[in-house]
Amino acid sequence: MKLIPYIVYLALIALHTVILNDLICVYSIGINLTAFITMAVAISKSETTSLWFGFIAGLVTLAGHPELMGTCALMTALLGFIAFHTRERLNLESLYSKLLLVLTGVFLHNAALILVANRSEFFYLLFVIALPGAIYTTLLAWIYFLAREGRLTFQKIRSVF
Amino acid sequence: MSWISTQFSHHWRNFNIGAVIVLSIGLVFGPSAIGSFISQSILTGLYYPFFKVRSSYEMLASQASANAQLRESLTEASLKISLFSEALRENERLRSALGFEQPPGYRLMPAEVISVSGYQTPVAAIINRGSYNMIQLNQPVINQDGLIGRISSVTPDFATVQFLTDPTNRIAARIASSREMGIVKYVVDEGMILDNFPLHGSVKVGDTVLSSGLGGVYPAGLTVGLVTSVEHNEEEPFCRIIIEPTANFHSIEELFVLEAENRP
């Protein structure tokens, strides 16, 4: 039963890769949902869970590219591992520190993916895809953390309108 | 055994890290068959439902787009068919007009009707010929069915045709068989009648009424109509003859203005 949330997360990654990414993509800048979910898991769960979830999430993300799947799995597992230890060593009670962690983590993950997939235009893509993608994902993370802390509810949104 | 268990629990963290690294390196540098197998398993187990949803949606979107295109084509085709049908009808009318014999000494100038005026019965029409086309007042106007009327006013580009159905119009006419004469006029509520025809004149239902040529406006011999009713009333000096115009004034589209060949 404990595995069900993780299976849902993985299904969400697959759904995002197949359907949602094309719909919410803005000028080829998309959300790195894999990195975000891995970091969200790392912020709230144990080191082992973060490590293995990152590994499997990496496999799921690049399942369509078997030659890059291992690298992506290793990078995402590393992201979960680092995010967990950052959480352990820093005070992440503040929302902004969590967002800063997500921004940095997603940017590094994007950068690593670009480095693996397209090395020739690395610096160009770093600023055109990786950084805007990290900011876009951080926006999503902001909404997620606000909702999780109960600071953003349906009633509050409805009261605005 | 307990030593192994103790060692395992002490090094559980390192074991996990090592396992992840070994598996990742194995996937990167190991046989591609393993990577392909894992990839296929994930695609089949996790991605397939979403692929199915996406392909169904794309198929529906494609069908909707094709449907919209087909609707547009259908509308276009319907419009073309409608235009072609109209062209076909026009072609038939013009072919029938081609066989029409013009009166001797006259040329035919074809004209198209732009608008028709009149309450219940059309009494006048505007045609697309005017003084620039040498149209003059009182020129007779006919179509393939018979006499239509005369030119009653002219502007540079257009002219007005006064129909036989205008109550103010009069035509000197005669019965084709007996050659006896009368005056054709249109009376509201009664229709077209042949007036001033002798009470004992020779006329019967079905006789053709032609223009007599008297009066100088209409040339002789143009078909005006057919006799549909003859009433002999001894108390009246003339017969009451009702005629049916051969031309259908409700469906006039092309006309011919008669132009005298010896006109200056």
Side-chain angles (χ1 to χ4, degrees), chain A residues 3-4 6-23 33-34 37-38 42 45-82 84-85 88 112 115-117, chain B residues 1-70:
Chain A
L3 285 177
I4 289 174
Y6 302 109
I7 294 168
V8 172
Y9 293 153
L10 295 175
L12 201 61
I13 290 170
L15 173 70
H16 174 257
T17 309
V18 177
I19 298 171
L20 297 180
N21 192 38
D22 288 345
L23 300 176
L33 196 68
T34 308
I37 291 178
T38 304
K45 301 293 176 185
S46 69
E47 183 191 51
T48 311
T49 308
S50 311
L51 192 69
W52 281 107
F53 181 79
F55 177 76
I56 295 169
L59 289 180
V60 169
T61 305
L62 284 190
H65 304 273
E67 70 282 359
L68 298 176
M69 206 167 56
T71 316
C72 182
L74 183 61
M75 285 185 317
T76 317
L78 197 63
L79 179 70
F81 184 76
I82 293 170
F84 171 79
H85 283 283
E88 287 286 284
L115 192 64
V116 170
Chain B
M1 197 66 181
S2 65
W3 180 84
I4 294 171
S5 173
T6 311
Q7 289 298 312
F8 190 79
S9 60
H10 281 174
H11 297 288
W12 172 243
R13 178 174 173 269
N14 294 339
F15 169 76
N16 278 311
I17 295 169
V20 166
I21 292 170
V22 168
L23 283 174
S24 301
I25 290 171
L27 281 170
V28 174
F29 297 108
S32 61
I34 298 171
S36 299
F37 173 74
I38 294 171
S39 167
Q40 280 300 317
S41 306
I42 293 170
L43 289 176
T44 313
L46 206 58
Y47 277 75
Y48 181 74
F50 302 120
F51 278 134
K52 195 80 180 163
V53 169
R54 184 176 176 146
S55 63
S56 302
Y57 170 76
E58 282 175 349
M59 195 181 74
L60 277 176
S62 152
Q63 297 283 349
S65 165
N67 200 4
Q69 276 184 346
L70 285 172

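Just so it is clear, the structure is predicted and the values come from calculations on it, not from any experiment. Order of the sequence lines sets the chain letters (A, B, ...), proteins ahead of strands, with each chain counted from 1.
- The two residues B:Phe50 and A:Ala11 come nearest to each other via the heavy atoms CE1-O, 3.4 Å.
- Interface with chain A: from residues 17-25 of chain B, residues B:Ile17, B:Ala19, B:Val20, B:Ile21, B:Leu23, B:Ser24 qualify, criterion being any non-hydrogen pair under 4.5 Å.
- With a 6.0 Å radius and a threshold of 12 heavy atoms from other residues, nucleotides or ligands, B:Phe51 has its CZ atom above the threshold.
- The contact between A:Leu10 and chain B is made by backbone and side chain atoms together, counting heavy-atom distances below 4.5 Å.
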Show your reasoning for whether side chain to side chain contact (heavy atoms under 4.5 Å, CB included) applies to B:Leu27 and A:Leu59. CA-CA 10 Å; B:Leu27 281 170; A:Leu59 289 180; 3.4 Å; yes

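- Between chain A and the options B:Ile34, B:Ile38, B:Val53, B:Ile42, heavy-atom pairs under 4.5 Å are most frequent for B:Ile42.
- Note: A:Val18 leads A:Ile13, A:Val18, A:Ile19 in heavy-atom pairs under 4.5 Å with chain B.
- Among pairs with a residue in residues 58-67 of chain B, those fulfilling salt bridge (charged side-chain N to carboxylate O under 4.0 Å, His left out) read B:Arg54-B:Glu58, at least two apart in sequence or across chains.
- The nearest pair of heavy atoms linking A:Pro66 to B:Ser36 is CB-N, 4.2 Å.
- Of the listed residues A:Thr71, A:Leu51, A:Leu68, A:Leu78, the one with more heavy-atom pairs under 4.5 angstrom with chain B than any other is A:Leu51.
- For A:His85, the NE2 atom counts as densely surrounded, since its 6.0 Å shell holds more than 12 non-hydrogen atoms of other residues, nucleotides or ligands.
- Atom OG1 in A:Thr48 sits 4.5 Å away from atom CG in B:Asn16 (nearest 0.5 Å).
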